[in-house]
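Order of the sequence lines fixes the chain letters, A, B, ..., with proteins taken first and strands second; residue numbering starts at 1 for each chain. Computed from a predicted model, the values in this text were never measured in an experiment.
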Protein chains: 2
Amino acid sequence: MQPRPRTIPEATVARLAVYLRVLATLADGGRSTVSSGELASAAGVNPAGLRKDLSHLGPCGVRGVGYDVDLLRDRLTRVLGVGRSRACVLVGIGNLGSALADYAGFGTRGFEFVGLFDASPARIGQRIGNLQVRGLDELEDVVAATGASIGVITTPAEVAQGICDRLAAAGVGSILNFAPVTLAAPAGVDVRKVDLSVELQVLAFLGQQRVPAEVGESA
Amino acid sequence: MQPRPRTIPEATVARLAVYLRVLATLADGGRSTVSSGELASAAGVNPAGLRKDLSHLGPCGVRGVGYDVDLLRDRLTRVLGVGRSRACVLVGIGNLGSALADYAGFGTRGFEFVGLFDASPARIGQRIGNLQVRGLDELEDVVAATGASIGVITTPAEVAQGICDRLAAAGVGSILNFAPVTLAAPAGVDVRKVDLSVELQVLAFLGQQRVPAEVGESA
DNA sequence: ATGTGTGAATGCATTCACAGCC
DNA sequence: GGCTGTGAATGCATTCACACAT
């Protein structure tokens, strides 16, 4: 019934975010239009794939010409919801947590950290960016007060599930987990995992797998 | 001709690494055998999928019983190459770089940082873990001397491509890129990208997409 | 002519269902 | 009986090829 099915494939969403970034640099460079081929090579994808990705937003280019940079940028910004600022809390202020807390890439994308939490008294009170690290006991209150919808977990593996439970109970609907464990969350709460050592391991494996072919790869 | 085609799908490799971690905790708990169902739920995947993943290594379970924890662990360790320690260099010692430099998860997985590099004189000489940050001019020498095969890039976006070029020229075959740009590398060099803000954006999008369904999700 | 938008086709990956072995 | 290993089937995602608009 509805002309545009509201479901955009996850893989596509990830690429849309990349296109948005490339478009930003193009706009800075003063470009007003781009072709799918150009945009695709800058984003490291296939041109046809890029067009298919964009087709999920409905027609947004001009045939024979290409895409208007500013127009497409606005469209992507709106679809991805980069406009509204979304409140995030971050739990576990170790090295990685500290790094994420003042990672510039987040702020410019509409993500705002409204609470940093750690269990260790040594960390509590410490300033990072323009926030002060709070004790874990304040977690629920801050989530409630700020309406934070996103939680980022950078704790040790052992306590991650407990934090996940508390975040979910507090009303956080989306969780990004950096702890090396698989988290279970109630239905309606979306958990996404980033495992840095898995990434490295895949990379290393593909590397060692490629070595044998290095000899006779002419075929 | 060859009984085991040497190509394991990338998605499978990523999960094998997860299984290996789960097996480690099981072994610590004193378990000697596991069923695919149990292992799968601990890893957050489908049991049949897990069995298919493991089938790429040839038969390694006992029908009617399950998998021997230690045996499977050895097998995975060998296939993923966790045995040999692999030398890595890390370029860009900002917050994220520093966090990765002493991230415990790497060392226990066979990855050893043998060089940390930064352009800023303020960073050079600084100790992180048991290494001292070096100037970028030493990059090629260190790669050559250590035979590092893996490079991790945590620099600002503007300089990432240049670093990528230098790493590739120096003989690094695998690059893990955290900078928010799409890197181009010569054939034979494998680049893998982790974009933290893209992860967050996907998470946020899926979250906002899920909200409408929250009303009538009973089906 | 040029480059988008999109059905059709291909290739991957996940899931199912069951045969085979313990 | 129970659980692995795996062909068959389903569902996704990518790629191709071309119609269509400018």
Side-chain angles (χ1 to χ4, degrees), chain A residues 3-19 23 26 31-69 71-73 75-76 79 182 198 202 205-206 209, chain B residues 3-19 23 26 31-69 71-73 75-76 79 182 198 202 205-206 209:
Chain A
R4 235 188 285 148
R6 201 69 80 182
T7 65
I8 300 180
E10 185 169 328
T12 292
V13 174
R15 283 186 300 258
L16 292 181
V18 175
Y19 305 154
L23 284 170
L26 282 175
R31 287 290 297 275
S32 61
T33 64
V34 234
S35 70
S36 65
E38 215 173 342
L39 194 51
S41 85
V45 303
N46 181 298
L50 179 139
R51 291 200 298 272
K52 179 149 288 236
D53 284 342
L54 293 183
S55 76
H56 288 279
L57 324 176
C60 45
V62 181
R63 303 200 178 198
V65 177
Y67 300 93
D68 182 288
V69 172
L71 214 74
L72 186 54
R73 203 144 88 101
R75 187 79 80 95
L76 286 178
V79 170
T182 305
V198 166
V202 171
F205 179 85
L206 296 179
Q209 191 179 232
Chain B
R4 235 188 283 148
R6 201 66 82 181
T7 65
I8 301 180
E10 186 170 324
T12 292
V13 174
R15 283 185 301 256
L16 291 181
V18 174
Y19 305 154
L23 284 170
L26 282 174
R31 287 291 296 276
S32 62
T33 63
V34 233
S35 69
S36 64
E38 215 173 342
L39 194 51
S41 85
V45 302
N46 181 299
L50 180 138
R51 292 200 297 274
K52 178 148 289 233
D53 283 341
L54 294 182
S55 76
H56 288 279
L57 324 175
C60 46
V62 181
R63 301 195 182 208
V65 178
Y67 300 93
D68 182 288
V69 172
L71 213 74
L72 186 54
R73 201 143 90 104
R75 187 79 81 95
L76 286 178
V79 170
T182 305
V198 166
V202 172
F205 179 85
L206 297 179
Q209 190 177 233

Review point. Given side chains that start at C-beta, do those of B:L23 and B:L39 come closer than 4.5 Å, heavy atoms only?
Key: yes
Below 3.5 Å between N/O atoms, which protein atoms pair up with nucleotides 19-21 of chain C? Just atom names and distances, please.
residue : atom : partner : partner atom : Å
C:dG20  : N3   : B:R63   : NH1          : 3.4

Nucleotide by nucleotide, nucleotides 9-16 of chain C touches protein heavy atoms under 4.0 Å in the pattern (B base, S sugar-phosphate only, - none) ----SBBB
Taken to the nearest whole Å, CG/A:L50 to C1'/C:dT4 is 11 Å
Here the gap from A:L72 atom CG to A:Y19 atom OH, rounded to the nearest 0.5 Å, amounts to 10.5 Å
Test item: B:L54 and B:C60 side chains (from C-beta on) under 4.5 Å apart, heavy atoms = yes
Between B:Y67 and D:dG2, is there a contact of a side-chain N or O with OP1 or OP2 at under 4.0 Å?
no
SB check A:E10 A:R15 (cutoff 4.0 Å): no
Residue pairs meeting side-chain hydrogen bond (donor to acceptor under 3.5 Å, both in side chains), one or both in residues 43-52 of chain A, sequence neighbours left out, come to A:S36-A:R51
Across all chains, not counting sequence neighbours, the side chain to side chain donor-acceptor pair (under 3.5 Å) partners of B:R73 are none
B:V62 vs B:Y67 side-chain heavy atoms within contact, under 4.5 Å: no
Per-helix bend value, the helix from C:dA1-D:dT22 to C:dC22-D:dG1, C1' rotation axes over five pairs per end, 10° rounding, shows 0°
A:R51 CZ to D:dA19 C1', in whole Å, measures 12 Å
Checking D:dT6, D:dT4, C:dT6 against the side chain of B:S35 (C-beta onward), the nearest is D:dT4
For this session: Kindly indicate whether the side chain of B:L16, heavy atoms from C-beta on, has any atom under 4.5 Å from the side chain of A:F205.
Result: no
Between CG of B:L39 and C1' of D:dT4 the distance, given in whole Å, is 13 Å
Check your understanding: Taking OP1 and OP2 of D:dT4, is either one under 4.0 Å from a side-chain nitrogen or oxygen of B:S36?
Key -> yes
Closest heavy-atom pair, A:P9 versus A:H56, reported as atoms and distance to 0.1 Å, is CD-CE1, 3.5 Å
Rounded to whole Å, the CG-P distance (B:D68 to D:dC3) equals 16 Å
Contacts of B:T182 meeting side-chain contact (heavy atoms from CB on, under 4.5 Å) (sequence neighbours excluded), chain-then-number -> A:V18, B:K193
Inset, instruction - Evaluate side-chain contact (heavy atoms from CB on, under 4.5 Å) for B:V79 paired with B:I8, printing each intermediate quantity in order. - result: CA-CA 10 Å; B:V79 170; B:I8 301 180; 4.1 Å; yes
